[in-house]
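Reading through the structure tokens given below for one structure.
Order of appearance sets the numbers: ligands from 1, and atoms from 1 within every ligand.
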Amino acid sequence: MNVEHLKTDILILGTGGAGLFAALHAHKANPDLDITIVSKGLLGKCGCTRMVQGGYNVALNPGDSVERHFMDTIEGGKWLPHQALAWTLVSTAIERIHELENEIGCFFDRNADGTLHGKAFAGQTFDRTVHKGDLTGIEIINRLMEQVWARAAIRRLEEHRAVALIPATDGTLAGALLIDVRSGEFRFVSAQAVLLATGGGPTMYRYHTPSGDKSMDGLAMALRLGLPLRDMEMVQFHPTGLLAGPDTRMTGTVLEEGLRGSGGHLLDGAQRRFMGDYDPKLERATRDVVSRAIDAEMRAGRTTRNGGVYIKMSHLGPERVAKEFKGMVDRCRDCGFDLAGGLVEVVPTAHYFMGGVICEVNTATVQPGLFVAGEDASGMHGANRLGGNGVANSTVFGGIAGDVMPRWIATEKPGHRDPDPQVLGVELVRALHPFGQKSGDLNAVREKLLNVMWDDVGVVRDRAGLQRGLAGIDAIEAELLATGVADAGRHFNVTWHDWLNLRSLTEISRVIAHAALKRENSRGAHFRSDFPEPGDLATSWFTVARQTPGGIDIGLEPVVFTHVKPGETLLRDQAAAE
Ligand SMILES: Cc1cc2nc3c(=O)[nH]c(=O)nc-3n(C[C@H](O)[C@H](O)[C@H](O)COP(=O)(O)OP(=O)(O)OC[C@H]3O[C@@H](n4cnc5c(N)ncnc54)[C@H](O)[C@@H]3O)c2cc1C
């Protein structure tokens, strides 16, 4: 098998907010280093950072504080976050937003006095979500893309898919195996340091929001390399995915949090406002609570024509809604709904993955030379990510990775290592597997996975369902392995890449189900109807998944409360009042 070998100093897998920030920071830290960014799609056009709608959480206003943002993050995460990571996220977001404005060139919406406008987002005690209308991600990713284009020294491998992280024979990291999607050829890139920033993406659920290029590849690669993964049961469901009817990929796409934050109402099929039955914060409760409430309405059969519930904005004034939520109004209109003046059908939709690779505050993993940032990393959000903390997370830690990797190379002097030929060979065979099989109906396999994950490993879980889900995933994997791709050509073979997507999704689905089975309590995004209580907060633990020869092992490790303990607060005024 012909494999072209390339060499770079820093290899960045993924070109979302995390990957691009890392590239810019690494280039600034040491312009002499050779940096290569790899993207499954086209630069600036793929991944979820471009899809960010609502905005970016940052404590800028004098009435707000880093401590308040931190407490919201910890309480939203149900005391499971790694507190040092969460603190780094909220404190560095301030520096990063100034950088986005003043160095990267983003324009965000402003108040009349010139300060940045912060919009309301559910689950937060302060309106701190900085935004550009309701299509913030396009502004961020376009400006980042231009900055990267302007630096010729940053090499771009677009439409290249990473399929494996490859060690050297001594166990150190040698680099990554890629497929050039256009030609179908394999490339091995040898690197001194590698950043995993492929952005997670729970696209294995019937309704989901992330971009189609995201299929948990990064986590599947990390798992195979032997890395521990944290909080894998924590899949965030956004309460308001558009329900545009069957057979359209618009179904599942998210209608942003600001709709509920600014006063939108949720109504059942009979147009009754129902959130009062579930939470005193009504529609402004956190995503997990609202998703479960909608799920309960759906299970009780109180649904709309297409099987969801309604969101209603018209009581806020159609003109105001059309002005403040132009992107959402346009999107709904494209699908035949009037968001500003009428009712829109919505359904919970898999949105974000809190689980991921375990890392330090400096983005280092247990594998020397491998760093992780963005949605592939874990710990910052615990059991629930606050809306607006996702893009802050990817830009904050992407930037940190870009600062750290050049320093790590300078001090550790790892050099370039040859890939272990045996591992490389196994990975090539694995990637080419479907060409050796009889072609079959890949879409039918995908539908089965979407349904099993939605029905048995979804918004509300229990032991029997999770065990059924695990059996279903095993059967789906067996069917996938027996299903080939019809076209034997490798160049731009999207069916082959669909097959590879499904392989990653199936593997990570299994880990999610195992971790969900292990967590016999309900925290944040993870709800077990057979264990509805959250468990003792003071002795909170998180799950750690590892691949072993026998399958997936789920361990439990205690949460260390480095900054604040359950029952305490960092907010002085609140502490004094209590
Ligand atoms: C519709 C939507 C709206 C959102 N709105 C908000 C919001 O308002 N506020 C907020 O904070 N967060 C929001 N989020 C979440 C936010 O988008 C993510 O948290 C964040 O953008 C993730 O950044 P990232 O860099 O980790 O990944 P991404 O931006 O998703 O980038 C991942 C990159 O990895 C590449 N990739 C994937 N697999 C491979 C592979 N095998 N090989 C090579 N490259 C690969 C992709 O092509 C892409 O370039 C939203 C998400 C969605 C889907």
Side-chain angles (χ1 to χ4, degrees), residues 11-22 37-58 89 93 119 121 129-132 134-138 140-141 144-145 156-165 176-179 181 195-203 208-221 236 238 240-242 252-258 261 327-328 331 349-354 356 372-377 380-381 385-398 401 431 497 500-501 504:
L11 178 65
I12 295 173
L13 303 177
T15 60
L20 294 185
F21 249 99
I37 55 175
V38 176
S39 180
K40 206 169 171 182
L42 294 172
L43 185 64
K45 307 290 180 206
C46 56
C48 288
T49 303
R50 185 175 181 84
M51 298 169 84
V52 165
Q53 301 173 346
Y56 191 119
N57 286 348
V58 53
L89 165 61
K119 72 161 87 155
F121 249 29
T129 309
V130 168
H131 62 108
K132 167 100 176 168
D134 58 357
L135 295 174
T136 311
I138 293 178
I140 293 177
I141 208 79
L144 283 171
M145 175 181 77
R156 306 192 303 266
L157 293 177
E158 295 178 74
E159 295 188 311
H160 276 67
R161 175 196 195 111
V163 283
L165 297 163
L177 179 65
L178 316 179
I179 299 171
V181 176
L195 176 68
L196 197 61
T198 66
T203 54
H208 61 252
T209 69
S211 60
D213 52 321
K214 299 219 301 188
S215 52
M216 298 281 189
D217 294 342
L219 299 193
M221 290 189 273
Q236 180 171 76
H238 194 295
T240 54
L242 180 62
T253 57
V254 83
L255 297 182
E256 69 129 310
E257 185 116 325
M328 298 303 103
R331 171 170 295 180
T349 180
H351 184 49
Y352 186 88
F353 198 57
M354 276 77 74
V372 65
E375 204 174 320
D376 276 347
M380 307 74 187
H381 313 294
R385 172 185 70 94
L386 294 181
N389 268 3
V391 65
N393 172 47
S394 58
T395 55
V396 160
F397 288 100
H497 288 281
L500 292 168
N501 287 348
S504 297

N-O pairing of E375 and K214 below 4.0 Å: yes
Residue A197 vicinity, atoms of ligand 1 by number, heavy atom under 4.0 Å: 32 (C), 33 (C), 34 (O)
For atom 50 (C) of ligand 1, the option (of M51, Q53, H351) bearing the nearest heavy atom: H351
Residue-ligand contact R385/ligand 1, heavy atom below 4.0 Å: yes
Numbered atoms and elements of ligand 1 in range of G388, under 4.0 angstrom, heavy atoms: 9 (N), 10 (C), 11 (O)
Under 4.0 Å to a heavy atom of G16 - the qualifying atoms of ligand 1, by number: 25 (O), 28 (P), 29 (O), 31 (O), 33 (C), 49 (O)
For atom 47 (O) of ligand 1, the protein heavy atom that lies nearest, with its residue and separation: D213 OD2, 2.6 Å
Option whose closest heavy atom lies nearest to atom 8 (O) of ligand 1, chosen from G54, A22, C46: G54
Of the listed options T49, T253, V52, L42, closest to atom 22 (C) of ligand 1 (non-hydrogen atoms): T49
Enumerated ligand 1 atoms positioned under 4.0 Å from heavy atoms of H160: 42 (N), 43 (C)
Per-atom contacts of ligand 1 with R161, taking only distances under 4.0 Å to non-hydrogen atoms: 41 (N), 42 (N)
Protein contact of atom 27 (O) of ligand 1 - nearest heavy atom, named by residue and atom, plus distance: G199 CA, 3.5 Å
Any S39 heavy atom less than 4.0 Å from ligand 1: yes
For Y352, atoms of ligand 1 separated by under 4.0 Å from a heavy atom: 19 (O)
Salt bridge K119-E256, side-chain N to carboxylate O under 4.0 Å: yes
Distance filter under 4.0 Å to T209 heavy atoms, resulting ligand 1 atoms: 53 (C)
